[in-house]
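The chains referred to below are lettered A, B, ... by the order of the sequence lines, with proteins before strands, and numbering in each begins at 1.
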Amino acid sequence: MGKQKKFVEEITPMDEDFAKWYTDIVKKAELTDYSSVKGCMIIRPYGYAIWENIQKVLDQKFKETGHENVYMPMFIPESLLQKEKDHVKGFAPEVAWVTHGGDEELTEKLCVRPTSETLFCEHYAKIIQSYNDLPKKYNQWCSVVRWEKTTRPFLRTTEFLWQEGHTAHATEEEAQKETIDILNIYADFCENVLAMPVVKGQKTEKEKFAGANATYTIESLMHDGKALQSGTSHNFGDNFAKAFNIQYTDKNGELKYVHQTSWGMTTRLIGAIIMVHGDDSGLKLPPKIAPTQVMIVPIALHKEGVTEKALELKDRISKVARVGIDISDKMPGWKFNEYEMKGIPVRLEIGPKDIEKNQVVLVRRDTGKKTFVSIDEIETKVVELLDDIQSSMLNSAREHRDENTYTAATLDEFINIAQNKPGFIKAMWCGDTACEEKLKEVAGVSSRCIPFKQEQISDKCICCGRDAKHMVYWGKAY
RNA sequence: CGGGGCGUAGCGCAGCUGGUAGCGCACUUGGUUCGGGACCAAGGGGUCGGGUGUUCGAGUCACCUCGCCCCGACCA
C-alpha cells in the first residue's frame with residue numbers, strides 16, 4: 001500500500017497541477033529528453049515512434065489525394081524571405097539567422113526556415129509555365145525553427161517536426177477546394193486516428209497566418225479546458241504569386257497568377273494526444289497510433305511452459321496487431337504500472353493458472369476493465385478490443401469536450417464563464433478586431449475559430465452590441 | 001520579454017552559523033521470488049549547472065551567467 005502510494009507520487013495528479021502533470025508524463029513515459037539548447041528537445045524512441053505512426057497515416061492520405069513529397073533547403077536568403085511583406089512581418093521576430101560560414105561572414109545572411117512558403121514560391125515561379133503544369137501539389141516532411149520565448153516539450157519548441165503542404169492552382173476555386181479538402185483530412189485524422197474531436201472553422205483576421213487570405217483551423221480541447229490549434233490550412237489567393245511572380249499561360253494564351261495554399265501539422269499533435277487522453281496513471285494512447293498496441297506480461301516466468309506460451313501468443317498476435325512482450329525479471333506489478341504509464345492500450349497477462357484453463361487476461365488501458373479470453377480466439381478478441389478502445393476513447397473525449405463547451409449571450413455571462421469554467425465559449429461577434437482584442441483584455445480569452453457549423457445564440461455582438469456577423473468559439477489556448 | 005521558483009549520482013531529495021558529500025529508488029553481480037512497483041548479499045557511480053570573487057578553506061557566502069519549471073504578453 002505504502003509502496004503503491006509512492007509510485008503514484010512520481011506523477012503529479014492532474015487536478016493538482018496540470019502543467020506539472022504534463023511534464024511528468026513526457027519524462028516518465030520516455031517521450032523526450034531536454035537537450036543543451038534551450039527549447040530544443042530530444043525525441044526519444046517511444047516519442048518518435050508515435051510521430052512515425054502519425055507520419056505514416058498522413059503521408060498515405062496525402063499521396064492518395066495526389067500530393068508528392070519533396071525536400072526544400074533548410075536555409076532561406078534574407079532577400080527571399082522578405083519578398084512577401086505580411087509574411088516577413090509575421091515571422092521576423094522568431095527567425096534564427098546564420099551569419100557565418102566557418103570564420104567568414106556571409107555576404108547575405110541566411111534564415112533557418114521558420115516555414116518554407118518563400119522557397120516553394122521561388123521554385124514554383126521557375127517550374128510553372130502553363131496551365132498544363134497545374135496543379136502542383138507538393139508536401140515536405142522536415143523540421144522548422146522558430147525562436148520562441150517560452151517553450152514546452154511538443155507544445156512549443158524552438159525546433160519542431162512537421163509536414164508542410166504547398167500547392168499551386170489555376171483558379172481561386174480550386175485553391176479554396178484544396179484548402180478545405182486538407183482541413184477535412186486533418187479533422188478526420190484527428191477524430192479517427194487520434195480519437196480527438198475537433199471543431200472545424202476559420203480563423204479571424206487577427207489570428208490568421210501571415211500572408212494568407214484565409215486560414216482554416218481545427219481546434220481541440222485539452223483535459224484542462226484549454227484549446228489547442230491542432231492543424232491549419234491556408235488559402236493564399238494570389239498574394240504570394242504576385243510577390244514571387246508565379247504566372248502561367250491559360251488555354252486562351254493569357255498570362256495569369258496561380259492561386260496557392262499551404263497547410264501543416266506538427267509534433268504538437270503528440271502534446272495533444274497526451275493532454276486529451278492522459279490520466280493520473282500516465283499516457284493513454286489511441287490504438288491506431290500506439291507504437292505497441294498489446295503488451296504481454298507473463299506471470300511466474302520461471303514456471304514450466306509460461307515463457308513458451310507467452311512467446312507463442314506474441315507470434316500469433318503479431319499477425320493482427322503491434323505486440324510486445326516483457327520477459328525481464330521485474331515484478332508483474334511493476335510491469336503493469338510501467339505499461340499503463342506508457343499508455344499501451346491493451347495488456348495481456350498469461351500465467352500458470354491461465355495456461356491450465358487455456359485462457360489469457362486482457363486488460364484495457366482506457367477503462368482498466370479485465371476480461372478473460374480463450375486462447376483459441378485470441379486474434380479476433382484482440383482486434384475487437386482494440387477497435388472498441390479506439391472508439392470509446394473518441395467518445396469520452398467528445399463527451400469531455402461537449403461538457404466543457406458553454407454558450408454566452410451577455411458580456412457578464414461571458415466573463416463569468418471565461419474566468420470560472422475552463423473550456424470553449426460560444427458567443428456572437430460583430431467581426432471587428434477591436435472587440436476581439438477587448439474580449440482578450442476583459443476575459444482573457446482569444447478567438448479560436450469561426451466554426452463552419454454556425455448557431456444563432458443571439459443577434460448582437462457579445463462585446464459591442466452591434467449586429468453580430470458570426471458565432472465564434474473562444475477560449476484560453478496553448 | 002516581465003514576475004516568481006529551482007539547479008547536489010540516471011531519477012527524487014538531504015546536506016544547519018563555511019572544514020573536502022550523503023539517503024531512497026534505479027544500475028551491476030550472485031541467489032531466492034513472480035496474478036498490482038519483491039527480498040538477501042556484495043558492488044559501481046559526483047569536476048555539487050558554469051564563471052568570477054571573499055576565505056587558510058566554498059555544495060554552503062557575494063556577484064555574474066546558463067538552463068529548467070510555473071504565471072502573464074507573443075506564437076504551431
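Taking the charged nitrogens against the carboxylate oxygens, K149(A) and E94(A) have no contact shorter than 4.0 Å, which rules out a salt bridge. A salt bridge links K203(A) with E219(A); the closest basic N to acidic carboxylate O contact falls under 4.0 Å. No salt bridge links R365(A) with E340(A); every basic N to acidic carboxylate O contact stays at or beyond 4.0 Å. A salt bridge is defined here as a Lys NZ or Arg NE, NH1 or NH2 lying under 4.0 Å from an Asp or Glu carboxylate O, and K330(A) with D326(A) fails to meet this definition.
Straight-line distance between the P atoms of A62(B) and U29(B): roughly 45 Å, to the nearest whole Å. To the nearest whole angstrom, the two P atoms, one in G53(B) and one in U60(B), are 14 Å apart. Only the P atoms considered, G46(B) is 27 Å distant from C6(B), to the nearest whole Å. For the C1' atom pair drawn from C34(B) and G19(B), the interatomic distance equals 49 Å after rounding to whole Å. G7(B) and G15(B) are spaced 15 Å apart, taking the C1' atom of each and rounding to whole Å. For C40(B) and C25(B), the P atoms lie 9 Å apart once the distance is rounded to whole Å. C66(B) and C11(B) are spaced 23 Å apart, taking the P atom of each and rounding to whole Å. Nucleotides U65(B) and A73(B) are separated by 27 Å at their P atoms, to the nearest Å.
The pairing partner recorded for C56(B) is G19(B), the criterion being a Watson-Crick or G-U wobble arrangement whose two distances lie under 3.5 angstrom. Partner assigned to G45(B) is none, using Watson-Crick or G-U wobble distances below 3.5 angstrom. Base pairing analysis places G35(B) opposite nothing; no Watson-Crick or G-U wobble pair with both distances below 3.5 Å involves it. In this structure, C63(B) and G51(B) make a Watson-Crick or G-U wobble pair, each of the two defining distances being under 3.5 angstrom. With a 3.5 Å ceiling on both atom-pair distances, A26(B) lacks any Watson-Crick or G-U wobble partner.
Just one residue in the list W263(A), Y138(A), F120(A) forms a ring-ring contact (aromatic ring centres under 6.0 Å, His included) with H166(A), and that residue is F120(A). Paired with T65(A) under the rule side chain to side chain donor-acceptor pair (under 3.5 Å), one option of H67(A), K61(A), K63(A) passes, and it is H67(A).
In this structure, K476(A) reaches neither bases nor backbone, as no heavy-atom distance under 4.0 Å exists between it and the strands shown. Across all strands, S328(A) comes closer than 4.0 Å to no nucleic acid atom at all (heavy-atom distances). Nucleic acid contact for E148(A): base, since at least one base atom lies under 4.0 Å from a heavy atom of the residue. Nucleic acid contact for F336(A): base, since at least one base atom lies under 4.0 Å from a heavy atom of the residue. Using a 4.0 Å heavy-atom cutoff across all strands shown, T115(A) reaches no nucleic acid atom at all. Contacts of G271(A) with the nucleic acid, taken as non-hydrogen atoms under 4.0 Å apart, are absent. Looking at heavy-atom distances under 4.0 Å, K38(A) makes contact with sugar-phosphate atoms alone, never a base.
Of the listed nucleotides (C69(B), G35(B), G36(B)), C69(B) has the atom at the smallest distance from the side chain of P153(A). In this structure, of C34(B), C70(B), C74(B), it is C70(B) that holds the atom nearest to the side chain of T23(A). Closest to the side chain of K27(A), from the set G12(B), C1(B), C69(B), is G12(B). Nearest to the side-chain atoms of R152(A) among the listed nucleotides G36(B), C69(B), C70(B) stands C70(B). Residue A19(A) has its side chain nearest to C71(B) when only C34(B), C71(B), C27(B) are considered.
A close approach under 4.0 Å does occur between a side-chain nitrogen or oxygen of Y34(A) and OP1 or OP2 of C69(B).
Rounded to an integer number of Å, the gap from I327(A) CD1 to C34(B) P is 18 Å. Look at NZ on K303(A): it is 8 Å from C1' on C34(B), rounded to the nearest Å. The distance between atom CZ of R146(A) and atom P of C1(B), rounded to the nearest whole Å, is 20 Å. With rounding to whole Å, M331(A) atom CE is found 16 Å from C25(B) atom C1'. At whole-Å resolution of the value, CD in E437(A) and P in C74(B) are 9 Å apart. One atom, CG of D326(A), and another, P of G35(B), lie 14 Å apart when rounded to the nearest Å. Across the protein-nucleic acid pair, L301(A) atom CG and G35(B) atom C1' stand 12 Å apart, rounded to whole Å. G5(B) atom C1' lies 12 Å from atom CG of D17(A), rounded to whole Å.
Distance check: C435(A) SG to K206(A) NZ gives 12.5 Å after rounding to the nearest 0.5 Å.
For K335(A) and H302(A), each mapped to the nucleotide of RNA chain B holding its nearest heavy atom, the one lying further toward the 5' end belongs to H302(A). Two residues, P298(A) and V37(A), neighbour RNA chain B, and the one matched to the more 5' nucleotide by heavy-atom proximity is P298(A).
Taking the six-membered ring where the residue is Trp, Y186(A) and F62(A) present perpendicular rings, their angle passing 60° and hence far from 30°. Ring geometry for F236(A) versus F209(A): interplanar angle of 30 to 60°, hence tilted.
If you check distances only, the side chain of T150(A) does reach the base of C1(B) with a donor-acceptor pair under 3.5 Å.
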Once base and sugar-phosphate atoms are separated, protein heavy atoms under 4.0 Å mark nucleotides 41-46 of chain B, 5' to 3', with B, S and - as ------
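In this structure the side chain of T292(A) never reaches within 4.5 angstrom of the side chain of V323(A), judged on heavy atoms.
Scanning for side-chain hydrogen bond (donor to acceptor under 3.5 Å, both in side chains) contacts around R364(A) gives D366(A), T367(A), D388(A), S392(A), with sequence neighbours left out.
Y478(A) has its ring centre no less than 6.0 Å from the ring centre of Y22(A). For W162(A) and W51(A), the ring centers sit 6.0 Å or farther from each other.
For the segment residues 349-368 of chain A, the set of residues with a heavy atom within less than 4.0 Å of an atom of RNA chain B comprises E349(A), G351(A), P352(A), K353(A), D354(A), V361(A), in numerical order.
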